Number of protein chains: 2
Amino acid sequence: MNKNFLNLKDSYLFSTIARKVNEFQKANPNTKIIRLGIGDVTLPLTKAVITALKEAVLEMGEAHTFKGYGPEQGYEFLRIAIKDYYKEKNVSLKADEIFVSDGAKSDIGNILDIFSSEYVSLIPNPVYPAYLDANIMAGRKVNFLNGSEANNFLPMPEDGNGGDLIYLCSPNNPTGSTYTKEQLKVWVDYANKNNAVILFDSAYECFVRDKNLPTSIFEIEGAKTCAIEFCSFSKTAGFTGTRCGYTVVPHDLVQEGTSLNKLWLRRQTTKFNGVPYIIQRGASAIFTPQGKKEVEENIKYYLENAKIIRKTFKELGFWFVGGDNSPYIWLKCPDNMDSWSFFDKMLTEANIVGTPGAGFGTAGEGYFRISAFGARENVIEAMDRIKKLY
Amino acid sequence: MNKNFLNLKDSYLFSTIARKVNEFQKANPNTKIIRLGIGDVTLPLTKAVITALKEAVLEMGEAHTFKGYGPEQGYEFLRIAIKDYYKEKNVSLKADEIFVSDGAKSDIGNILDIFSSEYVSLIPNPVYPAYLDANIMAGRKVNFLNGSEANNFLPMPEDGNGGDLIYLCSPNNPTGSTYTKEQLKVWVDYANKNNAVILFDSAYECFVRDKNLPTSIFEIEGAKTCAIEFCSFSKTAGFTGTRCGYTVVPHDLVQEGTSLNKLWLRRQTTKFNGVPYIIQRGASAIFTPQGKKEVEENIKYYLENAKIIRKTFKELGFWFVGGDNSPYIWLKCPDNMDSWSFFDKMLTEANIVGTPGAGFGTAGEGYFRISAFGARENVIEAMDRIKKLY
């Protein structure tokens, strides 16, 4: 067996939360628990997506329209739709720089396959746990990038000891804070200078409202020679249970004379067989005029939730970041409580589930993540409960 | 970058074939090429599956039935259906020994994550290329298991130099030959004795007609302490473009005190987010009485094709294996031709695409794979063309 697995902490953050919540619910069967913990969406797939999915299902039932194996990197119709979406951001990509995936989580884990095992990973703290765990499993050396109130949880090169693979996520999970173009430019220059690769997770890009903030690393000059971008329709279009996203590996990204695009294509054609045709058809509807309109409505709904949460925390005088260009609000636990104590207090006294910041790394201790993906009435009720408590 | 990738051969078997076929078609635009090469199905998804997919799509469009993140290892409704399917084979499994996957290719590649990098892989020759390439990418040491006419392309332990991870596929891709229970018992005993793990690919199990032949490694006593089984709905139910399968990791499979089931669960929860809910609903319809009946009709259709191919080769006096309990026929190229020369002859003189045996490894040189997944009329026409040629 791979002994690196023994270095993983025994239970994954969200399963610990699920266990605690289940135990509490069992002991208090009549209590209405409001879940603002895990970053799962609640609004259904939009009409345009449903229509496309239905049509694709019908195609699969007829011999003359049936689709067998598709290209591992995704159908061209979807890759072109994504390429055109980037054009709207003034980012020019080729369709074969885009790889359709079954979600950012798979690709962010699997991308390690194409890098030397000697490479050091530079991982933010706090961070989405899967980044770190994938590195621990592979036995890779990890340096940390420390987020703090001082840097608004947007660590810069001087907040860590360097590395060859730099994980950045903006708008950030878990903190909801978003890098500026100037900050990302510093990172891009740093990566190019040090021959490092930025692994940029843009899964929350559609929540950016401030037009000055970047929604893709490729909006930054020089990024094509040093960055890979991972995105997902999970949060954009409610695809958490439908599973589709994409990874951008520019042709200009070359290491030791070898194109990383070519390596990733080879990795995917060997160890992946593509996303279901039906799902790719559904995903392509996101980029139609009707699809875009519907997605925008959903995003606005979640951001209105975030606004309600922000307003409450402002009133209560809690320190927080996020929630303006992101569905997450990152709160400093009041009264200097530690994350899990605050989690327990929220669960037992307000019957609200959030995510303890400590679950995202040591630098998250004393913080707490609230997600805006709930139903409006639940968000309002949750905020009322917190106001009563404080 | 990961320099092991430089040890891969530059182009993948099926892309080379596609290029050759495209070039020939371009030069001969009016020629009808019959494709019996790649193992892709041609019959559409069955009615029961289509109905289930449609219903699931509708569920995803309504807030009260919408599904977000599901369990990474698959919904219980599908895992229980699979468990019950194994019961029919007199194999008793627990639902949490079954992991729903997006197909055997992903899992057979990714399973390497849970094993020590020191482990030696024992890989048949000829073999499905993805097994070998995944090992080369990971820089793993590989020993080969030599298939030949002498062992009917069913190599046994004495045909190789041993290893810790033993890849077996039965009914076999590419050769179509199928291990007996007695042969698999020898492998299971060998693995248990040597603390090795058998990675058993049963993707073609539904083609087995001979009731004495095993369709799962777990029909063999002792397999639960030494084997992982990978299966897929790709060939069973035409899911090559719909992407669903499963992997069985028994609780009894323990190495150095650690349950491999637990390691695989951890790997999947970290680097995978499950198969789309819609697709899992579709897959579960395969196991309904109606679904089973429809799948059986499809399998019979393909096996009737295989019978027609076998009959032709018998008449022509060609040596071959497979096609009785498998959709593949593994043919010795007539006149001692090498595989690619025979491929070119078939393409240019009979306008038939098959797969050169040499593409599956050195021991495949001089052989040729014909797939029975085509449309009936094409199979008949292809066989007529070959008869005319010889």
Side-chain angles (χ1 to χ4, degrees), chain A residues 1-3 5-6 8 12 15 38 40-45 47 50 53-54 57-58 60-63 65-70 102-103 105-106 109-110 113-117 130 133-134 137-138 238 240-243 255-256 258 260 263 266-267 269-279, chain B residues 1-3 5-6 8 12 15 38 40-45 47 50 53-54 57-58 60-63 65-70 102-103 105-106 109-110 113-117 130 133-134 137-138 238 240-243 255-256 258 260 263 266-267 269-279:
Chain A
M1 54 159 289
N2 174 355
K3 292 207 170 57
F5 274 67
L6 303 178
L8 291 164
Y12 192 70
S15 44
I38 192 166
D40 201 355
V41 296
T42 51
L43 294 174
L45 297 182
K47 287 205 173 68
I50 293 291
L53 288 169
K54 273 188 205 163
V57 168
L58 293 180
M60 293 300 281
E62 303 291 334
T65 49
F66 173 75
K67 301 283 183 305
Y69 289 119
D102 66 341
K105 192 184 183 188
S106 307
N110 293 333
D113 284 6
I114 69 168
F115 293 108
S116 161
S117 57
D133 287 353
M137 283 178 185
T240 53
T242 304
R243 312 306 318 141
Q255 290 217 318
E256 298 158 276
T258 300
L260 295 188
L263 287 198
R266 191 59 196 266
R267 191 274 170 207
T269 52
T270 303
K271 294 172 77 174
F272 184 57
N273 242 332
V275 170
Y277 171 74
I278 295 168
I279 303 299
Chain B
M1 54 158 290
N2 175 355
K3 291 208 170 55
F5 275 68
L6 303 178
L8 291 165
Y12 191 70
S15 44
I38 193 165
D40 202 356
V41 296
T42 51
L43 294 173
L45 296 183
K47 287 204 174 66
I50 292 290
L53 288 169
K54 273 188 205 163
V57 167
L58 294 181
M60 293 299 282
E62 303 291 334
T65 48
F66 172 76
K67 301 283 184 302
Y69 289 119
D102 65 340
K105 192 184 185 189
S106 309
N110 294 332
D113 284 5
I114 69 168
F115 293 108
S116 161
S117 57
D133 287 353
M137 283 178 184
T240 52
T242 304
R243 312 307 316 142
Q255 290 217 319
E256 298 159 277
T258 299
L260 294 189
L263 287 198
R266 190 59 195 266
R267 192 274 170 207
T269 52
T270 303
K271 294 172 76 174
F272 184 57
N273 242 331
V275 170
Y277 171 75
I278 295 167
I279 303 300

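Only heavy atoms go into these numbers, but all of them, side chains included; no hydrogens, no water, no symmetry mates. Naming convention: chains lettered A, B, ... in sequence-line order (proteins, then strands); numbering from 1 in each chain. In this text the structure is predicted, and so the values were computed from the model without any measurement.
Across A:Lys47, A:Lys54, A:Glu256, the residue that shares the most heavy-atom pairs under 4.5 angstrom with chain B is A:Glu256. Note: A:Asp40 leads A:Asp40, A:Leu6, A:Thr42 in heavy-atom pairs under 4.5 Å with chain B. Between chain B and the options A:Gly109, A:Gly68, A:Gly61, the largest number of non-hydrogen pairs under 4.5 Å is found for A:Gly68. Each of A:Ile50, A:Thr65, A:Val275 has some count of heavy-atom pairs under 4.5 Å with chain B, and the biggest count is that of A:Ile50.
Taken to the nearest 0.5 Å, the CG atom of A:Leu263 stands 9.0 Å off from the CG atom of B:Leu8. Rounding to the nearest 0.5 angstrom, the gap separating the OG1 atom in A:Thr258 from the CZ atom in B:Phe5 is 11.0 Å. Note: B:Arg267 CZ to A:Met137 CE = 7.5 Å, rounded to the nearest 0.5 Å. Remark: B:Leu45 CG to A:Tyr277 OH distance equals 12.0 Å, nearest 0.5 Å. Atoms CE and OG1, from A:Met60 and B:Thr242 in turn, are 3.0 Å apart once rounded to the nearest 0.5 Å. Between atom CG of residue B:Asp102 and atom CZ of residue A:Phe272 there is a gap of 5.5 Å, rounded to the nearest 0.5 Å.
Annotation: side chain of A:Arg243 is in contact with side chain of B:Pro276 (closest heavy-atom distance under 4.5 Å). Contact annotation: the side chain of A:Ile278 approaches that of B:Leu53 to within less than 4.5 Å [non-hydrogen atoms, C-beta and beyond]. With contacts defined as side-chain heavy-atom distances shorter than 4.5 Å, the pair B:Val41/A:Phe66 qualifies. Contact of the A:Thr240 side chain with the B:Lys67 side chain is not registered, since no non-hydrogen atoms from C-beta on lie closer than 4.5 Å.
Residue A:Thr270 touches chain B through both its backbone and its side chain, counting heavy-atom pairs closer than 4.5 Å. When heavy atoms are compared at a cutoff of 4.5 Å, A:Leu260 approaches chain B solely by way of its side chain, counted from C-beta outward. Only the side chain of A:Ile279 comes within less than 4.5 Å of a heavy atom of chain B; its backbone N, CA, C and O stay farther away. Of the atoms belonging to A:Gln255, heavy atoms from both backbone and side chain fall under 4.5 Å from chain B. When heavy atoms are compared at a cutoff of 4.5 Å, A:Lys3 approaches chain B solely by way of its side chain, counted from C-beta outward.
Between B:Arg266 and A:Asp133 there is a salt bridge, since a side-chain N of the basic residue sits under 4.0 Å from a carboxylate O of the acidic one.
Contact detail for A:Ala63 and B:Pro44: the closest heavy-atom pair is N-CG, 3.6 Å.
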Intermediate values then yes/no, side-chain contact (heavy atoms from CB on, under 4.5 Å), B:Val57 and A:Val57: CA-CA 9 Å; B:Val57 167; A:Val57 168; 4.0 Å; yes
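Listed for the B:Lys105 side chain is no donor-acceptor partner under 3.5 Å among the backbone atoms of A:Asn273.
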